[in-house]
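In what follows, a single structure is set out as structure tokens and then discussed.
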Number of protein chains: 2
Amino acid sequence: MVDITVEFNSKVPIYIQIYEQIKDLAYSGKLKPGDSVPSSRALAGLLEINYHTVNQAYQALWKDGLLKMERGKRYVIAKGKPENEVYSEIEEEGREMINRALMVGLTEDEIMNLMKRILKGKNGGAGNHA
Amino acid sequence: MVDITVEFNSKVPIYIQIYEQIKDLAYSGKLKPGDSVPSSRALAGLLEINYHTVNQAYQALWKDGLLKMERGKRYVIAKGKPENEVYSEIEEEGREMINRALMVGLTEDEIMNLMKRILKGKNGGAGNHA
DNA sequence: AATAGTGTTCTATATGATATAGAACACGTG
DNA sequence: CACGTGTTCTATATCATATAGAACACTATT
């Protein structure tokens, strides 16, 4: 039903991994508003983890407004692609990256070229700039 | 001597905060190779934290090769601005941001425009794209 | 009505990271 | 020698994470 995996060796908590993946599934449109997510016990069984851990992820998503629920029913996707919110998050990520790049002396052109190379998919690799 | 501050309410561990700030000071050139960092007890006194916590940050930086030390002496900045390493980290940050942007449907042009706006310093704010 | 499947709440335990604390040690410097 | 380094050791306290099981209220199905 859903494509969620978990890395046990990761430093990222399991419930955060689930949280992020469902967020991505919803924002990318693979999960649409009205779709229900697996029950905490079901997903816990698949991932071989405790259902309380799954619920921790769901409740975090509920706090974010991404999931809604009614008693006795499963959690359901509430939002689709909230452009403004995601856009703000992406912008913040970009801002942090740029701040760091400027701090170590990269020029605006170098930063823009880096972005272009990444977008092209196949770049010459890191290490041959400036 | 050095400009380091700590947020006690942050979810980021104190020793990580120190770690990041010294890294930035070294990479930005405010701390040059050969400069010594404050002694763990001295910095701990200024920040009003335990000196073991400061030492934890220093040892993490030593593992990264950014600090070097000799017995009985203070930690000393080893590297200056290791372009390739920082560049790789920045590239990785950029890659993650772009992946996320593409996932939610932003086009290449929109991403490039976002970067330009951020670089210009004063952009129209988030929320008015596409 | 009975059953099964939801999420919820409660108590409990175990582990690891974080942070503090103090003592003792080895080494370099003044 | 005295002082300031970092280091090592043991210890404690707290918090986040994860697991565990029981009991509950509600929904949907049979």
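So you know, we letter chains A, B, ... as the sequences are listed, proteins then strands, and number each from 1. Owing to the predicted nature of the structure, the values given are computational and were not obtained by experimental measurement.
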Whole-Å distance between [N] [atom2] and [X] [atom1]?
X       : N      : atom1 : atom2 : value
B:Glu48 : C:dA21 : CD    : P     : 11 Å
A:Gln59 : D:dT17 : CD    : P     : 14 Å
A:Arg74 : D:dT29 : CZ    : C1'   : 14 Å
B:Ile18 : C:dT18 : CD1   : P     : 13 Å
A:Asn50 : D:dA22 : CG    : P     : 13 Å
A:Tyr19 : D:dT17 : OH    : P     : 13 Å
B:Asn9  : C:dA19 : CG    : P     : 13 Å
A:Leu43 : C:dT6  : CG    : P     : 11 Å

Is [X] near enough to [N] that one of its side-chain N or O atoms lies under 4.0 angstrom from OP1 or OP2?
X       : N      : answer
A:Thr53 : D:dT19 : yes
B:Tyr51 : D:dG4  : no
B:Arg71 : C:dG28 : no
B:Ser40 : D:dT5  : no

Review point. Counting side-chain heavy atoms from C-beta on, which of C:dT6, C:dT9, D:dA18 comes nearest to A:Tyr15?
Key: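 Selected nucleotide (nearest to the side chain): D:dA18.
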
Revision key, fill the gap. The nucleotide from D:dT19, C:dG7, D:dT5 with an atom nearest the side chain of B:Ser39 is D:dT5

Exercise for review: Say whether, by atom type as modelled, one donor and one acceptor occur between the side chain of A:Asn55 and the main chain of A:Tyr51 under 3.5 angstrom.
Suggested key: no

Review point. Ion pair present between B:Glu110 and B:Arg117, side-chain N to carboxylate O less than 4.0 angstrom?
Key: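 Result for this pair is no, no salt bridge flagged.
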
Review point. Charged N to carboxylate O under 4.0 angstrom, A:Glu91 versus A:Arg95?
Key: yes

Review point. Got a donor-acceptor pair under 3.5 Å from the side chain of A:Arg41 to the base of C:dG5?
Key: no

Check your understanding: Does A:His52 get its side chain close enough to the base of C:dT9, under 3.5 Å, for a donor-acceptor pair?
Key ->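 Yes, the side chain and the base share a sub-3.5 Å donor-acceptor pair.
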
Check your understanding: Is A:Ile77 close to A:Leu25 at the side-chain level, that is, under 4.5 Å between some pair of heavy atoms?
Key ->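 Side-chain contact under 4.5 Å: no.
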
Review point. Would a 4.5 Å heavy-atom cut-off, applied to side chains only, mark B:Ile18 and B:Val54 as touching?
Key: yes

Check your understanding: Mapping A:Glu70 and A:Ile14 onto DNA chain D by nearest heavy atom, which one lands closer to the 5' end?
Key ->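 In this pair, the answer is A:Ile14.
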
Practice item. Name the residue closer to the 5' end of DNA chain D, choosing between A:Gln56 and A:Lys73 according to the nucleotide with the nearest heavy atom. Key: A:Gln56

